[in-house]
K.L.:
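There's a structure below that I have some questions on.
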Amino acid sequence: MSELTIGVVGAGTMGQGIAQVAITSGFQVVLCDVAEASLERGQAAIDKRLAKLVDKEKLDDPGRQAALARLTSTTQLDGLAGCQVIIEAAPEDPELKERLFRDLDALAPHAILASNTSSLSLTRLAAVCERPERVVGMHFFNPVPVLELVEVIRAEQTSDATVEAVQDLAERLGKTAVLIADAPGFAVNRLLVPMINEAAFLLQEGVASADDIDASMKLGAAHPMGPLQLADLIGLDVCLAIMEVLQQGFGDPKYRPCPLLRRMVAAGYLGRKSGRGFHVYD
């Protein structure tokens with residue numbers, strides 16, 4: 001299994017994190033993104049984070065250099081043809097993901113195709129593939145190098161062998177895998193994002209300030225980060241997309257996205273990545 005080559009599609013925050021964890025766990029990784037600039041930023045971010053680990057004496061410099069040597073990049077999906085596992089970490093766009101899975105299924109017929117989707121149906125993604133039994137969800141959490149959980153989502157078509165393989169892979173990546181059925185939002189986001197949405201309603205209604213809402217949950221519920229701070233870290237656009245999936249999937253008005261959340265996303269106030277969300281960042 002240590003000889004496994006892992007493909008990662010998408011060099012954004014999640015793709016970078018997955019690639020970093022894989023190379024530091026001894027796996028060869030091919031990072032793929034349509035934009036060369038995104039790949040350069042992704043590789044630079046990984047290098048910077050590994051350098052920080054060296055500074056903190058959690059990794060030695062030869063280990064850092066060896067890990068970086070295991071990372072290659074490509075702007076072409078064809079570059080993933082030799083991978084045994086391909087983890088898709090593209091934006092939460094159903095049509096984009098379906099197109100990617102259709103192409104990857106044809107390109108790498110023997111590979112396990114995993115999606116890092118935070119809420120979309122794995123059964124729907126598997127349905128566009130000729131080998132749907134090899135499609136599965138591997139939902140990592142941000143920041144990937146820090147958070148231990150991986151939700152392994154089983155589509156209706158996923159085989160036992162595929163589930164066992166990705167559970168083993170998650171363990172080899174230093175993660176704890178929990179097996180989740182293919183339901184909207186899975187487990188964590190079905191619980192977490194409605195809480196964030198309700199915090200946005202509190203702010204919209206003037207019940208409390210953003211700072212006080214966050215302080216209340218940190219001090220009163222022992223959360224390490226307030227819900228609005230967490231929304232900014234996740235990305236308000238991602239939170240909105242998950243709420244829309246929950247609302248559509250369950251048809252329940254309790255999942256109605258907060259209008260304030262919608263307006264902020266429309267304004268481009270997406271959180272840390274844009275410099276402004278419920279809070280303002282340098």
K.L.:
Would you say the side-chain atoms of Arg272 pair up with the backbone N or O of Gly235, donor to acceptor, closer than 3.5 Å?
P.N.:
no
K.L.:
Under a 4.0 Å threshold between the charged nitrogen and the carboxylate oxygen, would Arg134 count as salt-bridged to Asp105?
P.N.:
no
K.L.:
A quick test of your reading: do over 12 heavy atoms of other residues, nucleotides or ligands sit less than 6.0 Å from CD of Gln65?
P.N.:
yes
K.L.:
Test of understanding: clusters of I, L, V, M, F, W, Y form through side-chain heavy atoms closer than 4.5 Å, transitively. Do Val146 and Leu149 belong to the same one?
P.N.:
yes
K.L.:
With the side chain counted from C-beta on, respond yes when Leu169 and Ile6 share a heavy-atom pair under 4.5 Å apart, and no when they do not.
P.N.:
yes
K.L.:
So if you build clusters from Ile, Leu, Val, Met, Phe, Trp, Tyr with side-chain heavy-atom gaps below 4.5 Å, do Ile180 and Ile242 land together?
P.N.:
yes
K.L.:
When you look at Asp168 and Arg172, which way does the salt bridge (charged side-chain N to carboxylate O under 4.0 Å, His left out) test go after all the steps?
P.N.:
CA-CA 6 Å; Asp168 179 68; Arg172 290 171 179 267; 3.0 Å; yes
K.L.:
Take Val178 and Val150 through the side chain to side chain contact (heavy atoms under 4.5 Å, CB included) test and state the conclusion after the steps.
P.N.:
CA-CA 6 Å; Val178 294; Val150 173; over 6 Å; no
K.L.:
With side-chain hydrogen bond (donor to acceptor under 3.5 Å, both in side chains) as the criterion, how do Thr117 and Glu92 come out once you've worked through the C-alpha distance, each side chain's angles and the decisive distance to 0.1 Å?
P.N.:
CA-CA 7 Å; Thr117 178; Glu92 288 288 273; 3.0 Å; yes
K.L.:
Would you confirm whether Glu151, through its side chain, and Ala187, through its main-chain N or O, come within 3.5 Å as a donor-acceptor pair?
P.N.:
yes
K.L.:
Would you name the heavy atoms of Ala106 and Pro109 that are closest together and state the gap between them?
P.N.:
O-CD, 3.9 Å
K.L.:
Applying side-chain hydrogen bond (donor to acceptor under 3.5 Å, both in side chains) to Ser121 and Asp182, what does each step give before you reach the verdict?
P.N.:
CA-CA 6 Å; Ser121 170; Asp182 188 19; 3.2 Å; yes
K.L.:
For the residue pair Asp232 and Gly277, what are the closest heavy atoms and their distance?
P.N.:
OD1-CA, 3.4 Å
K.L.:
Tell me if a side-chain donor or acceptor on Thr162 pairs with a main-chain N or O of Glu133 at a distance below 3.5 Å.
P.N.:
yes
K.L.:
One thing to verify: whether Asp160 and Arg154 come together as a salt bridge, which I'm taking to mean a side-chain N less than 4.0 angstrom from a carboxylate O.
P.N.:
yes
K.L.:
Is it the case that atom CD in Gln204 sees more than 12 heavy atoms from other parts of the structure closer than 6.0 Å?
P.N.:
yes
K.L.:
Using only heavy-atom distances, determine whether the side chains of Thr75 and Asp33 contain a donor-acceptor pair under 3.5 Å.
P.N.:
no
K.L.:
Ser115 vs Glu88, test: side-chain hydrogen bond (donor to acceptor under 3.5 Å, both in side chains). Steps then yes/no.
P.N.:
CA-CA 5 Å; Ser115 177; Glu88 169 272 315; 2.5 Å; yes
K.L.:
What verdict does the salt bridge (charged side-chain N to carboxylate O under 4.0 Å, His left out) test give for Lys52 and Asp55, after you've listed the backbone C-alpha separation in whole Å, the side-chain angles of each residue and the deciding distance to 0.1 Å?
P.N.:
CA-CA 5 Å; Lys52 286 184 178 180; Asp55 291 341; over 6 Å; no
K.L.:
Give a yes or no on whether the backbone of Gly226 and the side-chain of Gln229 come within a donor-acceptor separation of less than 3.5 Å.
P.N.:
yes
K.L.:
Any heavy-atom pair between the side chains of Cys83 and Val30 that's under 4.5 Å?
P.N.:
yes
K.L.:
Are Arg124 and Phe101 side-chain neighbours, meaning at least one heavy-atom pair lies under 4.5 Å?
P.N.:
no
K.L.:
At their closest point, which heavy atom of Leu260 faces which heavy atom of Ala200, and how far apart are they?
P.N.:
CD2-O, 3.8 Å
K.L.:
Say whether, by atom type as modelled, one donor and one acceptor occur between the side chain of Glu98 and the main chain of Leu125 under 3.5 angstrom.
P.N.:
no
K.L.:
Measure the shortest side-chain to side-chain distance between Asn197 and Cys239 over non-hydrogen atoms and say whether it is less than 4.5 angstrom.
P.N.:
no
K.L.:
Keeping the roles fixed (side chain from Lys175, backbone from Leu147), state whether a donor-acceptor pair exists under 3.5 Å.
P.N.:
yes
K.L.:
Kindly give the heavy-atom pair with the smallest separation between Gly17 and Pro145, and that separation in Å.
P.N.:
CA-CD, 4.2 Å
K.L.:
Under the criterion side chain to side chain contact (heavy atoms under 4.5 Å, CB included), which of Val144, Leu53, Asp47 is the partner of Gln20?
P.N.:
Leu53
K.L.:
When you look at Ser119 and Asn189, which way does the side-chain hydrogen bond (donor to acceptor under 3.5 Å, both in side chains) test go after all the steps?
P.N.:
CA-CA 7 Å; Ser119 60; Asn189 281 337; over 6 Å; no
K.L.:
Take Met264 and Phe278 through the side chain to side chain contact (heavy atoms under 4.5 Å, CB included) test and state the conclusion after the steps.
P.N.:
CA-CA 9 Å; Met264 294 182 72; Phe278 291 111; 3.4 Å; yes
K.L.:
Got a donor-acceptor contact below 3.5 angstrom from the Gln84 side chain to the Gly82 backbone?
P.N.:
yes
K.L.:
Under the salt bridge (charged side-chain N to carboxylate O under 4.0 Å, His left out) rule, what do Arg262 and Glu244 come out as? Steps first, then yes or no, please.
P.N.:
CA-CA 10 Å; Arg262 285 194 183 280; Glu244 289 173 336; 2.8 Å; yes
K.L.:
Quick one: does Leu71's side chain get under 4.5 Å of Leu31's, heavy atoms only?
P.N.:
yes
K.L.:
Determine whether more than 12 heavy atoms belonging to other residues, nucleotides or ligands lie under 6.0 Å from atom CD of Glu205.
P.N.:
yes
K.L.:
So, does Asp60 use its side chain to make a donor-acceptor pair with the main chain of Gly63 at under 3.5 Å?
P.N.:
yes
K.L.:
Would you please test Lys273 and Asp237 for side chain to side chain contact (heavy atoms under 4.5 Å, CB included) and show each step?
P.N.:
CA-CA 11 Å; Lys273 60 188 174 184; Asp237 52 338; 2.9 Å; yes
K.L.:
Does a donor on one side chain and an acceptor on the other come within less than 3.5 Å for His279 and Asp214?
P.N.:
yes
K.L.:
Sub-3.5 Å donor-acceptor pair from the side chain of Ser274 to the main-chain atoms of Tyr269, do we have one?
P.N.:
no
K.L.:
Transitively linked via ILVMFWY side-chain contacts under 4.5 Å: Ile196 with Ile213?
P.N.:
no
K.L.:
Okay, side chain of Ser25, backbone of Phe27: is any donor-acceptor separation there less than 3.5 Å?
P.N.:
no
K.L.:
After noting the C-alpha distance and the side-chain angles of Phe140 and Met14, does the key distance pass the side chain to side chain contact (heavy atoms under 4.5 Å, CB included) rule?
P.N.:
CA-CA 8 Å; Phe140 294 81; Met14 296 304 294; 4.0 Å; yes
